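Down below is the structure, laid out as structure tokens.
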Amino acid sequence: MTQVVDFSLKVTPQAYFYAAFMLIVIPLPWIVAWFLAALIHEFYHCIVTVLLGKRIYSLEIGLNGAQIYTEPLSEVETLLCALAGPFGGILLISLSTYIPRIAVCALFQSAFNLLPVYPLDGGRALLSIARHFLKEETAAKACAVIRLVALIIIVAFAAVVSFHNKGALPLLLAIALAVRMMKIKIPCK
């Protein structure tokens, strides 16, 4: 039997600076809850990858979140692995009576990761589905258009929230997200 769990864990230096900054601005119980929800999220990605018999090479934690590097996956396998993380978060939400803080963090992480924006889980799932029905180049273009529309809606929503709350933080965060996500190229095989 092939060994599928023999991977390296890499944490980028930028992730340490980001974590230190978060410790300054966010209460420790919320950081722990966020970390535990993220850990469960990534665990579900990994467990589905292993159940599919695929090898995990590494897990990298950086400013772009966690990235799991595996041997090549088919479109169906990619879809299953992409949706596994948010599914794990949704399962955590069902435990909100017992672990409310972790459930809240899992809700936000799952909702964010299901956005149809590549390279988030929702964008990866959308690309897998599109590749199943469309030619490679057409699938990538369709996903790029959907990503653009989703990011415009997010920025518009953040602008409304910022206007009503008289604070620019939601709008600034949405613009930063949009700029960052638009720089990431949707891959063509």
Side-chain angles (χ1 to χ4, degrees), residues 1-16 18-19 22 30-96 98-99 101-132 136 139-140 143-144 146-147 150-151 154 177 180-181 183-189:
M1 181 171 159
T2 306
Q3 187 175 6
V4 291
V5 183
D6 179 25
F7 66 91
S8 64
L9 174 64
K10 179 182 177 189
V11 181
T12 65
Q14 297 88 352
Y16 290 113
Y18 180 70
M22 289 294 113
W30 281 102
I31 291 174
V32 171
W34 190 265
F35 176 77
L36 290 174
L39 186 66
I40 295 296
H41 176 98
E42 297 307 324
F43 172 76
Y44 271 82
H45 284 308
C46 290
I47 199 69
V48 168
T49 302
V50 170
L51 289 174
L52 290 170
K54 299 297 181 173
R55 183 154 192 246
I56 299 172
Y57 297 117
S58 67
L59 172 62
E60 183 177 311
I61 301 170
L63 287 181
N64 292 329
Q67 294 178 329
I68 301 170
Y69 296 96
T70 67
E71 64 182 284
L73 303 171
S74 70
E75 297 306 335
V76 172
E77 291 168 336
T78 299
L79 176 66
L80 292 172
C81 290
L83 295 178
F87 176 76
I90 290 168
L91 288 179
L92 279 177
I93 295 167
S94 68
L95 300 173
S96 62
Y98 308 105
I99 49 173
R101 193 171 281 144
I102 296 173
V104 168
C105 292
L107 171 67
F108 281 103
Q109 287 177 10
S110 294
F112 177 75
N113 274 290
L114 285 173
L115 291 173
V117 176
Y118 189 87
L120 299 176
D121 295 333
R124 289 178 41 233
L126 177 66
L127 184 58
S128 295
I129 293 168
R131 283 180 176 160
H132 185 74
E136 185 71 33
C143 289
I146 292 169
R147 172 176 68 177
L151 290 172
I154 291 167
L177 172 72
R180 185 182 206 186
M181 293 300 170
K183 287 182 179 180
I184 298 171
K185 185 178 183 302
I186 296 175
C188 291
K189 287 185 179 177

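Because only heavy atoms are used, hydrogens play no part in the values below, and waters and symmetry mates are left out as well, while side chains stay in. Only a predicted model underlies this, so the values are computations on that prediction, with no experimental measurement involved.
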Query raised in the report: Any side-chain heavy atom of Leu177 within less than 4.5 Å of one from Val117?
Result: no
Requested in this report: Of all the heavy-atom pairs spanning Leu92 and Ala37, show the shortest one and how long it is.
Outcome: CD1-CA, 4.0 Å
Query raised in the report: How many angstroms lie between atom OH of Tyr18 and atom CD1 of Ile61, to the nearest 0.5 angstrom?
Result: 13.0 Å
**Report entry** Separation between CZ of Arg131 and OG1 of Thr78, rounded to the nearest 0.5 Å
**Finding:** 7.5 Å
Query - Sub-4.5 Å side-chain heavy-atom contact between Phe43 and Leu39 - result: no
Report summary line: The single option from Ile102, Ile90, Ile93 that satisfies side chain to side chain contact (heavy atoms under 4.5 Å, CB included) with Leu107 is Ile93
Query raised in the report: Got a second to check how far Glu136's CD is from Leu127's CG, nearest 0.5 Å?
Result: 7.0 Å
Query - Nearest-0.5 Å distance, CG of residue Leu115 to CD1 of residue Ile154 - result: 4.5 Å
Query raised in the report: Between Leu73 and Leu79, is any pair of side-chain heavy atoms under 4.5 Å apart?
Result: no
Requested in this report: Indicate the atoms forming the closest heavy-atom contact of Cys81 with Val48, along with that distance.
Outcome: SG-CG1, 3.9 Å
**Report entry** Donor-acceptor contact below 3.5 Å, side chain Glu71 vs main chain Arg55
**Finding:** yes
Requested in this report: Kindly indicate whether the side chain of Asp121, heavy atoms from C-beta on, has any atom under 4.5 Å from the side chain of His41.
Outcome: yes
Query raised in the report: Between Ala15 and Gly62, what is the shortest heavy-atom contact and its length?
Result: CB-CA, 3.9 Å
Query - Rounded distance (nearest 0.5 Å) linking atom CD1 of Ile146 with atom CG of Leu126 - result: 4.5 Å
Report task. Drop me the distance from Phe108's CZ to Asn113's CG, to the nearest 0.5 angstrom. Result -> 13.5 Å
Requested in this report: Specify the closest pair of heavy atoms between Pro86 and His45, including all atoms of both residues, with the distance to one decimal.
Outcome: CD-CE1, 4.3 Å
Report summary line: Closest non-hydrogen contact found for Met181 with Tyr118 is SD-O, 3.9 Å
**Report entry** Closest approach of Trp34 to Gln109 (non-hydrogen atoms, all atoms of both residues)
**Finding:** O-NE2, 3.0 Å
